[in-house]
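Reviewing the structure listed below.
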There are 4 protein chains.
Amino acid sequence: MAGPSEDKRRLILAAAVRVFAREGYHDARVGDISKEAGVAYGLVYHYFTSKEAVLEAVFRETWGLMLAAIHDVEERGGPAPDQLRRVCKIVLRAWGDDPDLVRVLVREVARSPQIQREIDEIEQAFAALERIVARGQEEGTFTKDLAARTVALMLYGALEEILTAWVLGQLPDDEDAVAEAERTIVALFTNGLAR
Amino acid sequence: MAGPSEDKRRLILAAAVRVFAREGYHDARVGDISKEAGVAYGLVYHYFTSKEAVLEAVFRETWGLMLAAIHDVEERGGPAPDQLRRVCKIVLRAWGDDPDLVRVLVREVARSPQIQREIDEIEQAFAALERIVARGQEEGTFTKDLAARTVALMLYGALEEILTAWVLGQLPDDEDAVAEAERTIVALFTNGLAR
Amino acid sequence: MAGPSEDKRRLILAAAVRVFAREGYHDARVGDISKEAGVAYGLVYHYFTSKEAVLEAVFRETWGLMLAAIHDVEERGGPAPDQLRRVCKIVLRAWGDDPDLVRVLVREVARSPQIQREIDEIEQAFAALERIVARGQEEGTFTKDLAARTVALMLYGALEEILTAWVLGQLPDDEDAVAEAERTIVALFTNGLAR
Amino acid sequence: MAGPSEDKRRLILAAAVRVFAREGYHDARVGDISKEAGVAYGLVYHYFTSKEAVLEAVFRETWGLMLAAIHDVEERGGPAPDQLRRVCKIVLRAWGDDPDLVRVLVREVARSPQIQREIDEIEQAFAALERIVARGQEEGTFTKDLAARTVALMLYGALEEILTAWVLGQLPDDEDAVAEAERTIVALFTNGLAR
DNA sequence: GATGAATGAGATTTCATTCAT
DNA sequence: AATGAATGAAATCTCATTCAT
């Protein structure tokens with residue numbers, strides 16, 4: 001599973017994240033990726049069918065990790081506002097953990113035609129947020145006046161916008177600023193949903 | 001200003017919106033635009049310096065209208081929550097008015113590398129939202145605990161996400177649904193900011 | 001019809017014949033064709049959709065001329081052996097007229113997977129030969145013991161082989177040799193079909 | 001000679017015939033051959049120096065068998081028309097015996113640039129046909145008016161064309177049709193050469 | 001202003017061949 | 001002998017931009 005060939009695949013994927021982050025998916029040439037990974041041009045095509053498939057793999061494999069973390073939050077349970085906070089923390093901390101990756105996800109995947117957004121994975125993130133909101137409504141913590149799905153979309157949009165602002169350097173992104181953003185979004189949505 | 005040549009320019013611009021909406025900026029060929037507009041290939045280059053300049057013009061000229069509408073809201077004054085509602089209405093109603101245009105703005109401009117987001121125009125939208133929030137804080141309607149700029153970003157993100165969901169067909173977009181989205185976002189942010 | 005653009009198209013086609021003859025279809029690069037024609041690389045793709053389309057056009061437009069000549073023979077009528085002689089003459093004289101073209105037709109088109117042989121045009125040549133044989137049978141000049149279609153195929157094969165031998169330099173191809181080949185094939189098939 | 005390794009070599013060669021027949025030499029990938037043979041990619045290169053060398057081996061080893069059969073006909077002697085008939089039979093029966101092989105020989109070898117036709121083996125086939133014709137002339141069965149070499153070429157072309165027609169499905173190829181083709185070509189050339 | 005033929009740089013992708021194991 | 005990952009040269013095709021009319 002983690003044989004030498006699997007390593008090369010990971011090498012290429014990691015290099016692709018850096019290259020896509022630096023130059024953007026479209027401007028990045030496949031040769032840039034192979035060079036960055038220190039492998040031969042053709043090896044990229046040995047592991048992936050196309051440049052687009054590389055982007056897709058980057059997305060799928062990292063998004064999967066985030067989804068798992070979110071599902072973990074749900075499974076651990078606890079009050080809805082708490083779950084909401086923990087999810088926001090996971091999403092926003094991603095920036096500090098791997099800015100290149102966030103940059104790629106935000107710029108290339110978020111609403112790109114390359115990777116159709118409709119694909120299940122993104123829908124699953126919406127669904128998780130929606131479930132958390134719905135749970136709060138059932139608990140009686142959140143108002144039932146607002147549709148959970150609409151709120152979930154807005155929460156998603158708000159989170160993405162914060163990440164985008166960091167990506168584009170439009171907002172400070174030091175530790176404090178990250179903590180503040182987290183506090184703000186949680187307060188806004190928790191209060192916003194309060195009965 | 002509205003001579004026969006100006007007409008051709010508008011013809012091209014309107015065609016470009018349709019083509020970009022249909023095929024995406026990147027996949028759209030200049031020939032597609034000229035064909036859609038019913039003019040000669042070269043005429044596109046007579047009026048615009050490049051394909052990118054066409055997109056930029058689309059953005060600039062329509063974004064300007066929206067900014068003016070938002071500024072108008074500010075000038076008319078009134079309570080901050082009211083101003084916020086009117087702004088959300090303007091943004092969300094754009095979908096019904098010109099879906100192709102919204103599609104292009106959301107997909108191609110919002111966070112694309114093509115048109116650098118830093119450009120003043122987008123910043124001005126943030127600033128307007130920020131001013132409205134700040135005004136609410138000064139009025140005493142909104143809490144001062146949350147940074148106006150951060151909230152403004154989140155509001156922008158939430159609005160954009162709703163439009164995106166409509167663009168991608170992930171959310172109903174009939175009259176009622178639009179009204180509901182408007183009500184939801186206003187309630188969410190007004191309550192969320194309430195002292 | 002013969003505007004300056006049509007000229008360029010012909011220029012490219014003529015250059016392609018020379019290049020294909022010299023290097024073979026497969027080894028020929030599109031750049032070789034454009035260079036030989038003295039036009040820009042992209043112009044080849046302005047007039048043809050692909051390298052294969054160039055070969056196809058070469059075939060179609062020249063084969064058409066030959067078909068016309070053969071049909072002309074048929075229309076002029078006369079005894080079948082005479083018609084047969086005139087057709088052989090047309091085919092074999094093509095070598096002297098445009099060796100490059102014959103080289104391309106023989107090597108690349110004749111039984112290549114590139115241009116499916118089944119295409120109508122080649123079938124029409126068979127059909128014409130078949131008609132001439134059949135006419136001889138009706139006249140009473142040729143035996144009815146042999147199937148006209150089979151004989152037509154053999155005649156075609158024999159002609160093609162002679163051209164191939166010239167192309168590959170396996171047989172002298174001076175005027176006398178051409179005349180001799182013509183005399184031989186006509187004698188062979190006329191006697192072979194004699195009652 | 002027939003060790004276990006020799007088996008693998010044959011395995012690859014037989015697979016190559018099927019693959020070349022199916023996809024054509026050019027479109028066939030080395031990986032297709034190894035997969036068809038059920039051996040590792042690299043093993044093809046253990047036994048053959050290149051993809052072309054595989055085609056050449058296919059040709060050489062099967063053509064050799066046919067040449068031997070033709071030489072056998074010559075050695076057994078008998079009247080020239082009889083020898084001619086037997087040779088035609090050998091050539092035409094190959095289709096029924098191994099259509100894939102004939103397909104490859106006809107399409108890829110016959111007049112391909114890959115395997116230069118001048119190579120001895122093909123010349124030897126011409127030479128054999130030529131000798132048979134010449135023998136008929138010496139016997140007094142065939143006219144001396146026609147050059148044996150030219151006639152040999154035509155005979156070769158006619159045979160090849162029949163095979164080609166079968167390969168391309170342009171002519172029925174059941175037992176009866178094969179017998180008819182044989183009869184036709186023999187009659188045509190025997191009569192054609194009659195004094 | 002208007003036309004559309006002409007240009008050519010540049011990107012993706014393929015796949016025969018090599019080579020370390 | 002056998003394997004298959006790794007290499008990288010080479011070729012097609014696209015299309016934004018230019019330009020002569």
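Throughout, protein chains are lettered first and strands after them, A, B, ... in sequence-line order, and every chain is numbered starting at 1. Atom set for the values below is all heavy atoms of this structure, side chains included, hydrogens, waters and symmetry mates excluded.
Taking atom NE2 on H46(C) and atom C1' on dT18(F), their separation rounds to 14 Å, with Å as the unit. Atom CG in L55(C) sits roughly 15 Å away from atom C1' in dT12(F) (whole-Å rounding). Put simply, NE2 on H26(A) is 11 Å from C1' on dT14(F), counting in whole angstrom units. Distance E52(C) CD to dA11(F) P: 18 Å, rounded to the nearest Å. Going from atom NZ of K35(D) over to atom P of dT3(F) covers 14 Å, rounded to whole Å. Between Y25(D) atom OH and dA16(E) atom P there is a gap of 8 Å when expressed in whole angstrom units. Per the geometry, CD1 belonging to I33(C) stands 11 Å off P belonging to dC13(F), to the nearest Å. The CZ atom of F48(A) sits 13 Å away from the P atom of dT13(E) (whole-angstrom rounding).
A donor-acceptor pair is defined here as one N or O able to donate and one able to accept, closer than 3.5 Å; no such pair exists between the side chain of R18(C) and the backbone of D100(C). Looking at R107(A), its side chain never comes within 3.5 Å of a backbone N or O of V102(A) through a donor-acceptor pair. Side-chain atoms of E108(D) come within 3.5 Å of backbone atoms of Y25(D) as a donor-acceptor pair (strictly under, hydrogens ignored).
The CG atom of L101(B) lies 10.0 Å from the CH2 atom of W63(B); values are rounded to the nearest 0.5 Å. Rounding to the nearest 0.5 Å places CZ of R60(D) at 11.5 Å from CG of L67(D). Note: D32(D) CG to Y41(D) OH = 9.0 Å, rounded to the nearest 0.5 Å.
Remark on DNA chain E: of its neighbouring residues A28(D) and A28(A), the 5'-side contact belongs to A28(A), judged by nearest-heavy-atom nucleotide. Taking for each of S50(A) and G38(B) the nucleotide of DNA chain E with the nearest heavy atom, the 5'-most of the two is the partner of G38(B). Between V39(D) and K51(C), the residue anchored nearer the 5' end of DNA chain F, judged by the nucleotide with its closest heavy atom, is V39(D). Between D27(C) and G42(C), it is D27(C) whose nearest contact on DNA chain F lies nearer the 5' terminus.
Counting heavy atoms from C-beta on, the side chains of R29(B) and K51(B) never come closer than 4.5 Å.
Within 4.0 Å (heavy atoms only), T49(A) reaches no atom of the nucleic acid at all. Residue A53(C) is classed as having no contact, given no heavy-atom separation below 4.0 Å to the nucleic acid. In this structure, S34(A) reaches neither bases nor backbone, as no heavy-atom distance under 4.0 Å exists between it and the strands shown.
In DNA chain F, stems built from 3 or more consecutive Watson-Crick or G-U wobble pairs, each with both distances under 3.5 Å, span E:2-21 with F:2-21.
Considering only the side chain of L43(A), dT7(F) comes nearest among dT3(F), dT7(F), dT13(E). Which of dT18(F), dC15(E), dA2(E) sits closest to the side chain of R29(D) comes down to dC15(E). With distances taken from any side-chain atom of A40(B) to the nucleotides dT3(E), dT18(F), dT17(E), the minimum falls on dT3(E).
For R103(A), the side-chain hydrogen bond (donor to acceptor under 3.5 Å, both in side chains) criterion is met by no residue, not counting sequence neighbours.
For Y47(B) and dA2(E), the shortest distance from a side-chain N or O to OP1 or OP2 is below 4.0 Å. Dashed line: the shortest gap from a side-chain N or O of K8(A) to OP1 or OP2 of dA5(F) is not under 4.0 Å. A sub-4.0 Å separation between OP1 or OP2 of dT14(E) and a side-chain N or O of Y45(A) is absent.
If you check distances only, the side chain of Y41(A) never reaches the base of dT14(E) with a donor-acceptor pair under 3.5 Å.
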